[in-house]
Amino acid sequence: MQRADSVVTPTPRVRHIRVAALAMLARCLTAFLGGYVLTATVATLVARVLPISRVEATIWGMIPAFLFYATVGLWCFHEPRLARAAAAVWGGAIVAGVALWLLGVRP
Amino acid sequence: MTRSLRQSMAWIHSWLGLLAGWILFAMFLTGTASYFRPEITRWMQPELPMNRTAGADAAQNAVASLSRDGIRDQQWFIQLPNARDVVTHVYATPKPDAQATDERPGKRRKRAAEQVLDPATGAAIHARDTRGGEHFYRFHFQLQLPHPWGRWLAGVCAMFMLGAIISGVVTHKRIFADFFTLRWNKGQRSWLDAHNVSAVLALPYHAVITYTGLMTLVLMYLPYPIAINYKQPLDFGRDAYGLPGDAVASGRAARLVPIAPLVRDAEARLGMPAARLVVQQPGDAAATVAVTGSSGARLNARTGTVVYSGATGALLQPPTGGGPALSTAGVMLGLHLANFAAPTLRWVLFLLGLTGAAMVGTGLLLWTAARRKPGATPFFGLRLVERLNIATIAGLPLGMGAYLLANRVVPAAAEGRASTEVATMFYVWGGAAVLQLLRPARQAWAILFGAGAAVFAAIPIANALTTSRGLLASWRAGDGLFMGFDLAMLGVAALLGIAAWRAARRPAGRAPRRTQGVVHV
């Protein structure tokens with residue numbers, strides 16, 4: 001019955017649930033997808049800028065990546081303000097991505 | 001959503017555990033069995049001899065066998081025997097135009113993807129066709145899904161596991177007190193205690209095995225650091241592992257130098273026994289022979305590679321020493337594969353792997369125990385989780401047992417028997433998962449565990465009836481491997497039998513007691 005009502009004019013309660021569900025979806029996307037993009041860009045940036053041999057820099061970029069990813073993902077679910085979590089994760093990924101784009105492949 | 005760190009971590013811990021739990025349980029259990037991958041394979045091919053041959057001689061015999069009818073291959077991959085695997089495995093890649101240039105018209109060129117050779121003679125061995133321990137090993141990170149989806153799904157679940165471990169540690173304020181407070185038969189409280197004990201007892205193991213598991217496929221999950229540092233990804237392989245590039249055939253024929261001296265030279269340079277050879281363009285002047293070491297008793301699984309010219313035997317590339325990062329990654333890989341572990345340590349790791357499965361399993365049971373209200377009709381999600389728990393925790397061991405039993409029941413000469421064995425595992429597992437829906441939950445637990453116990457108990461019996469290497473015969477022959485395998489099967493049967501008995505013993509109507517003081521969920 002509530003379902004039928006909600007098609008016409010959502011009750012405040014249903015609207016609240018919808019907003020909460022969308023917020024949770026955004027949070028999950030930020031944690032899982034955003035966390036992965038941030039991990040990938042940061043790991044790549046580390047591999048690019050470490051002033052050691054190519055192969056060593058490549059591996060050092062990879063080794064801590066999963067711990068970083070897990071920490072970022074968990075923090076996304078702890079941070080109360082979704083906007084702040086999203087800004088940090090997606091913003092960080094963009095900053096690292098732009099830096100990589102400017103640096104390009106190691107000559 | 002303003003909560004304490006412990007609250008938010010408890011919340012995410014239960015969701016991570018629930019969503020990935022069933023797959024993680026399967027990954028833990030089949031991965032644990034994979035500690036004995038070569039041993040399982042040997043048990044599943046009882047026809048194989050038990051001789052031992054030095055790597056250099058085995059390599060020479062394999063090459064002699066491969067070039068007996070003239071060389072029409074582009075590459076040979078030769079896996080040498082070792083203490084745990086007594087045969088030589090050969091994978092030959094035919095030349096792209098091999099069919100056209102075959103000098104003997106009318107004789108169809110048929111070469112299997114993998115050949116098993118007797119190391120002492122180089123003759124092909126015809127043992128029963130089976131996937132052996134390889135099946136559990138592959139399943140534990142590919143989940144029987146098409147490439148690359150299985151590996152990605154396994155990676156996502158392993159990431160969930162890593163998140164669950166970290167959040168679980170934050171959630172538990174009394175890690176060491178929990179360790180001493182296992183309370184039996186107290187419903188939900190006991191499941192929580194069991195979950196805590198299995199998690200805390202082996203926490204370093206769980207953390208290491210999860211992290212190193214992710215590292216085994218890091219090149220697939222995070223290939224971008226390679227892309228930013230190398231224009232050609234193959235150059236990374238050369239830098240990191242000393243792999244030679246693809247040898248291009250010169251078109252001039254040249255005899256391959258004797259391989260045994262090259263292998264001995266490589267073993268001296270690497271300071272370890274040889275594990276495998278890759279011969280590219282054999283029979284051509286541009287042939288290369290790459291010899292890779294075996295990590296053996298070393299923690300670091302990354303071993304060097306020495307490359308020689310196949311036509312002259314000249315050293316083309318000495319082994320490259322790895323830097324700290326490469327060594328770290330090599331040790332992480334070694335910790336996961338545990339090839340360094342001698343039998344005693346291997347059994348300890350096996351038991352630790354079982355505590356991993358127990359941790360995931362008790363976590364899943366805890367989810368239902370914490371949400372079941374006495375006297376109330378369970379909601380849909382609760383029933384769903386409960387049935388999936390039965391299908392996975394009690395169903396998978398049954399399927400694994402059926403796979404091993406099928407190895408002795410399916411005739412050794414049957415057509416396509418390797419895939420029949422694999423299919424048996426999934427049909428039995430899937431069938432049990434569906435059929436258990438017909439019975440009340442507690443009965444379903446008991447029936448599936450009981451069936452699992454019966455299947456595992458039947459394995460040594462079928463072994464004794466169909467081969468000459470039954471428990472008594474193996475004991476008389478002093479064959480530790482076959483004896484150990486049968487005893488392990490009886491041990492698993494006993495464990496599952498106890499589980500079935502405990503599940504059946506509870507009166508059906510009694511709801512588990514709810515107790516206070518639940519820390520999380």
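Quick note on labels: first sequence line is chain A, next is B, and so on, each numbered from 1.
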* Other residues, nucleotides, ligands: >12 heavy atoms within 6.0 Å of Trp15(B) CH2 -> no
* With a cut-off of 6.0 Å (strictly less than), are more than 12 heavy atoms of other residues, nucleotides or ligands near CG of Leu234(B)? -> no
* Would you mind checking which part of Leu67(A) comes under 4.5 Å of any heavy atom in chain B, side chain (CB onward), backbone (N, CA, C, O), both or neither? =>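 Both parts, heavy atoms under 4.5 Å.
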At what distance, to the nearest 0.5 angstrom, does [atom1] of [X] lie from [atom2] of [Y]?
X         : Y         : atom1 : atom2 : value
Leu214(B) : Met62(A)  : CG    : CE    : 13.5 Å
Thr44(A)  : Leu222(B) : OG1   : CG    : 7.5 Å
Ile63(A)  : Tyr211(B) : CD1   : OH    : 8.5 Å
Ile226(B) : Ile59(A)  : CD1   : CD1   : 7.0 Å
Leu5(B)   : Leu74(A)  : CG    : CG    : 9.0 Å
Arg6(B)   : His78(A)  : CZ    : NE2   : 12.0 Å

* Asked: So, do Pro324(B) and Trp60(A) sit near enough that their side-chain heavy atoms are less than 4.5 Å apart?
  ->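 They are in contact (side-chain heavy atoms under 4.5 Å apart), so the answer is yes.
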* Measure the shortest side-chain to side-chain distance between Tyr224(B) and Leu100(A) over non-hydrogen atoms and say whether it is less than 4.5 angstrom. => no
* Pair Glu56(A)-Leu326(B), side chain to side chain contact (heavy atoms under 4.5 Å, CB included): steps then yes or no -> CA-CA 7 Å; Glu56(A) 286 284 298; Leu326(B) 274 169; 3.7 Å; yes
Can you tell me which portion of [X] sits under 4.5 Å from chain A's heavy atoms? Options are side chain, backbone, both or neither.
X         : answer
Tyr221(B) : both
Leu16(B)  : side chain
Ile12(B)  : side chain
Ala158(B) : neither
Met215(B) : both

So which atom in [X] and which in [Y] form the shortest heavy-atom distance, rounded to 0.1 Å?
X        : Y         : answer
Phe66(A) : Leu162(B) : O-CD2, 3.5 Å
Ala70(A) : Ile166(B) : CB-CD1, 3.8 Å
Ala47(A) : Ile228(B) : CB-CG2, 4.4 Å

* Quick one: which of Lys231(B), Met332(B), Met9(B), Met159(B) has the most heavy-atom pairs under 4.5 Å with chain A, could you say? => Met159(B)
